[in-house]
Amino acid sequence: QMQLVESGGGMVQAGGSLRLSCVASGRLFSTFAMGWFRQAPGKEREFVSSISWSGSTRNYADSVKGRVSISRNKNTMYLQMNSLKPEDTAVYYCAANAGRLWTGNPNSWGQGTQVTVSS
């Protein structure tokens, strides 16, 4: 089974930046796309961003477009978040699905990392 471990969360003031990381290990799929979700208190988990196996295809939720950049280097994925807003406060989850392209239906999930943005 593939394991995903996130890091880089923390507390930051509005307008600040954070860089989240996710490392995949264990029984890796031969190819896998990766993505980020987030869940704020009292809200449903929502899609943030995704990246294909090659890194050539990237998608962003409208709520973060222009402020967030996703990238990957082999088995490590990054989420650079700039101009953070209090509404970005959530637990951020790394996810992956087998195959070269993101399907939106992850096979594996990380345990989450907390991001808190103060006003």
Side-chain angles (χ1 to χ4, degrees):
Q1 185 174 355
M2 188 163 77
Q3 285 86 45
L4 301 173
V5 179
E6 305 97 333
S7 62
M11 184 176 294
V12 65
Q13 289 188 333
S17 298
L18 281 175
R19 188 194 196 202
L20 305 184
S21 300
C22 174
V23 179
S25 63
R27 292 189 62 184
L28 301 176
F29 303 125
S30 56
T31 60
F32 56 96
M34 301 182 78
W36 291 96
F37 287 80
R38 68 185 182 185
Q39 187 168 20
K43 295 187 177 181
E44 293 187 353
R45 187 174 296 185
E46 65 174 0
F47 169 80
V48 176
S49 182
S50 65
I51 188 166
S52 62
W53 168 249
S54 69
S56 61
T57 302
R58 310 178 191 196
N59 293 295
Y60 300 95
D62 288 342
S63 59
V64 300
K65 201 170 291 184
R67 301 187 296 117
V68 163
S69 177
I70 192 170
S71 61
R72 70 183 292 176
N73 180 7
K74 295 185 178 179
N75 299 335
T76 302
M77 177 179 64
Y78 305 95
L79 189 70
Q80 177 66 45
M81 302 189 295
N82 301 320
S83 302
L84 283 163
K85 304 175 181 180
E87 51 263 44
D88 293 318
T89 296
V91 177
Y92 284 70
Y93 297 91
C94 170
N97 66 249
R100 296 181 179 276
L101 298 177
W102 178 253
T103 65
N105 189 22
N107 306 104
S108 299
W109 290 90
Q111 82 289 348
T113 184
Q114 176 71 46
V115 171
T116 302
V117 184
S118 61
S119 58

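Below, all heavy atoms of this structure are taken into account, side chains as well, without hydrogens, waters or symmetry copies.
Side-chain contact between Ser54 and Arg100 is absent, with no heavy-atom pair separated by less than 4.5 Å. For the pair Arg72/Cys22, no side-chain contact is recorded, criterion being any heavy-atom separation below 4.5 Å from C-beta on. When side chains are defined from C-beta on, Thr89 counts as touching Gln114, because their heavy atoms get closer than 4.5 Å. You'll find the side chain of Met77 reaches within 4.5 Å of the side chain of Ile70, heavy atoms only. Considering only heavy atoms from C-beta on, Val68 stays 4.5 Å or farther from Asp88 through its side chain. Arg67 has its side chain out of reach of Met81: every pair of non-hydrogen atoms, C-beta onward, lies at least 4.5 Å apart. Using a 4.5 Å cut-off on side-chain heavy atoms (C-beta onward), Ser118 and Gln13 make contact.
Tyr93 and Tyr60 end up in different hydrophobic clusters when Ile, Leu, Val, Met, Phe, Trp and Tyr side chains are linked at under 4.5 Å. Hydrophobic clustering of Ile, Leu, Val, Met, Phe, Trp and Tyr side chains at less than 4.5 Å, counting indirect connections, keeps Val48 apart from Leu101. Cluster annotation: Trp109 and Tyr92 are assigned to distinct hydrophobic clusters (Ile/Leu/Val/Met/Phe/Trp/Tyr, side-chain heavy-atom contacts under 4.5 Å, transitive). Cluster membership for Val117 and Val64, using ILVMFWY side-chain heavy atoms within less than 4.5 angstrom, is shared.
Remark: Leu20 CG to Thr113 OG1 distance equals 6.0 Å, nearest 0.5 Å. Going from atom CZ of Arg38 over to atom CZ of Arg45 covers 13.0 Å, rounded to the nearest 0.5 Å. One distance of note links CZ of Arg19 with OH of Tyr78; it measures 5.0 Å at 0.5 Å rounding. Taking CG from Asn97 and OG from Ser108, the interatomic distance works out to 9.0 Å, rounded to the nearest 0.5 Å. The CG atom of Leu79 sits 11.5 Å away from atom CE of Met34, with the distance rounded to the nearest 0.5 Å. Rounded to the nearest 0.5 Å, atoms CG (Leu4) and OG1 (Thr76) are 10.5 Å apart.
Proximity of the aromatic rings of Phe32 and Trp53 is defined here by a centroid distance below 6.0 angstrom, and this criterion is met.
When all heavy atoms are compared, the tightest approach of Asn59 to Phe47 is O-CZ, 4.0 Å. Closest heavy-atom contact between Ala40 and Ala90: N-CB, 3.8 Å. The minimum heavy-atom distance linking Ala33 with Ser52 is given by the pair CB-CA, 4.1 Å. When all heavy atoms of Cys94 and Glu6 are compared, the closest pair comes out as N-OE2, 2.8 Å. Contact detail for Ser17 and Gln80: the closest heavy-atom pair is CB-NE2, 3.9 Å.
Ring geometry for Trp102 versus Phe37: interplanar angle of 30 to 60°, hence tilted.
Gln3 contributes a side-chain N or O that, together with a main-chain N or O of Gln1, makes up a donor-acceptor pair within less than 3.5 Å.
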